[in-house]
There are 2 protein chains.
Amino acid sequence: METKTLKSKKDEGFADEVERLKEPQQTGESHNEATIAPDLASDMDYGVLTELVGYCLRRAQIRIYQDFQEAMEPWAITPPRFSAMILIRNNTRMKLTELARAMGIARSGAVEVVNSLSKLGYVRRCHSPTDRRAYALELTETGGDVLQKVTVVVREHDARISARLSDDEHVQLRKLLNKLG
Amino acid sequence: METKTLKSKKDEGFADEVERLKEPQQTGESHNEATIAPDLASDMDYGVLTELVGYCLRRAQIRIYQDFQEAMEPWAITPPRFSAMILIRNNTRMKLTELARAMGIARSGAVEVVNSLSKLGYVRRCHSPTDRRAYALELTETGGDVLQKVTVVVREHDARISARLSDDEHVQLRKLLNKLG
DNA sequence: TATTGTTATACTCTATAACTATA
DNA sequence: TATAGTTATAGAGTATAACAATA
């Protein structure tokens with residue numbers, strides 16, 4: 001399996017960088033530090049933390065994030081990048097500002113996401129004919145193919161992390177999460 | 001209300017820095033960017049995202065994080081800092097390595113958290129009499145007072161974000177979250 | 001004037017790897 | 001050799017503020 005990585009740096013080369021993205025990542029696998037287990041340590045007193053929705057949620061998210069990243073490593077897709085690609089595909093001629101709003105992040109953050117997706121060759125900025133300030137975002141052909149493949153993998157990932165939940169519980173959990181805030 | 005901030009930089013002064021922590025923060029409040037609304041944009045198509053536990057969870061976490069940070073701003077307490085303080089108080093003579101394990105992060109990350117809490121005057125490293133490599137972590141008197149006050153505020157925060165949930169749902173949600181992974 | 005995209009800057013959270021002092 | 005703490009370095013994710021081009 002190939003593996004992509006994104007270093008942001010200051011854009012050094014270009015073709016150079018895109019090439020480097022496709023090199024297998026130095027995962028280390030060496031002699032050092034044990035990788036972190038994200039479960040609660042049974043010999044510790046967590047006090048009030050276990051009663052807080054926010055804390056339970058954060059622990060769950062750490063576990064989920066790890067599984068997501070491992071599953072997506074070959075494509076260098078992170079959760080925000082995946083969201084962005086879905087939104088760009090599903091909402092034609094989306095502008096960068098709209099993407100930011102849809103994702104709930106600042107415009108400058110959207111620039112970052114689009115830059116990385118653009119370097120990976122998944123997303124393209126097209127000049128809008130009507131407003132010369134604005135771009136219309138769209139998936140490249142590669143981006144479309146990758147998104148299709150990756151969506152399957154994301155669904156598998158979701159099933160994996162929800163493996164101990166019944167279908168009812170899965171629905172219930174999403175319902176409760178959406179009631180938060 | 002006073003507001004603390006932590007700049008990590010390269011430790012410039014010391015007393016200087018501690019003083020600066022207590023200065024009210026330049027919140028801006030100026031003419032610029034609208035602050036982000038973390039709700040789903042109703043005019044966008046989110047496709048598969050709404051069916052994924054991971055995505056619902058991430059959106060919920062963004063909302064929760066924002067409320068947490070606003071509530072904790074006067075003390076410069078972030079979620080990991082709060083967890084660390086609870087763990088340090090509840091597990092006497094905790095070592096840094098144990099803290100890292102309890103929090104599910106790398107040791108270097110625990111150093112960061114302890115450094116910031118130490119700069120804020122909330123946590124102290126005490127030399128262990130038995131093992132001269134190790135420290136015993138403990139709350140300062142200020143840290144203890146702050147933690148007591150802040151725990152009340154965190155409980156209020158948790159109640160606020162769970163306001164649309166019944167008690168049963170609150171329990172259920174935590175149960176389901178703990179089944180994930 | 002307001003908006004679009006962008007850049008500069010900064011801060012948090014996290015990781016890996018290598019170092020030091022001790023055990 | 002192994003462990004405790006630390007530092008150096010890196011990268012993702014996010015934010016605010018200011019800017020140029022365009023509306």
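Keep in mind the model is a prediction, meaning the values are calculated, not measured. Each chain gets a letter, A, B and so on, in the order the sequences are listed, and its residues count up from 1.
- Taking the ring pair (Phe, Tyr, Trp, His ring centres under 6.0 Å) definition, one finds that B:Y135 meets it with B:H127, sequence neighbours left out.
- The nucleotide whose nearest atom lies closest to any side-chain atom of B:T78 is, among C:dC13, D:dG5, D:dG13, C:dC13.
- Which of D:dT14, C:dT14, D:dA15 sits closest to the side chain of B:P80 comes down to C:dT14.
- Applying the ring-ring contact (aromatic ring centres under 6.0 Å, His included) test to every pair with at least one member in residues 146-181 of chain B, sequence neighbours left out, gives these pairs: B:F68-B:H157.
- In this structure, A:N178 has no side chain to side chain donor-acceptor pair (under 3.5 Å) partners at least two apart in sequence or on a different chain.
- The stretch residues 85-118 of chain A participates, sequence neighbours left out, in no ring-ring contact (aromatic ring centres under 6.0 Å, His included) pair at all.
- The side chain to side chain donor-acceptor pair (under 3.5 Å) test applied to A:R93 returns no partner, not counting sequence neighbours.
- Among the nucleotides C:dT14, D:dT22, C:dT22, the one closest to any side-chain atom of B:I105 is C:dT14.
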Show me the protein contacts with nucleotides 2-4 of chain C, counting only N or O atoms at under 3.5 Å.
{"from": "C:dT3", "atom 1": "O2", "to": "A:R133", "atom 2": "NH1", "distance (Å)": "2.5"}
{"from": "C:dT4", "atom 1": "OP1", "to": "A:K95", "atom 2": "NZ", "distance (Å)": "3.3"}

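- One donor-acceptor pair, N or O on each side, does fall under 3.5 Å between the base of D:dT16 and the side chain of A:S108.
- Taking a 4.5 Å side-chain heavy-atom cut-off between Ile, Leu, Val, Met, Phe, Trp and Tyr, the cluster of A:L173 extends to A:V53, A:L57, A:I64, A:I161, A:L165, A:L176, A:L177, A:L180, B:V53, B:L57, B:I64, B:I161, B:L165, B:L173, B:L176, B:L177, B:L180.
- With sequence neighbours left out, the side-chain contact (heavy atoms from CB on, under 4.5 Å) criterion links B:A41 to A:R101, B:D43, B:M44, B:Y46.
- Nearest to the side chain of B:A106, among C:dT12, C:dA15, C:dT6, sits C:dA15.
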I'd like to know whether A:K179 forms a salt bridge (Lys or Arg N to Asp or Glu O under 4.0 Å) with B:E169, so could you lay out the CA-CA distance, the side-chain angles of the two residues, the decisive distance to 0.1 Å, and finally the verdict.
CA-CA 10 Å; A:K179 280 173 94 170; B:E169 286 176 325; 3.1 Å; yes
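- A heavy atom lying under 4.0 Å from DNA chain D marks none of the residues of residues 45-55 of chain B.
- When rounded to the nearest whole Å, the span between CD1 of A:I77 and P of D:dA12 equals 13 Å.
- Note: CD (B:Q69) to P (D:dG13) measures 17 Å, nearest angstrom.
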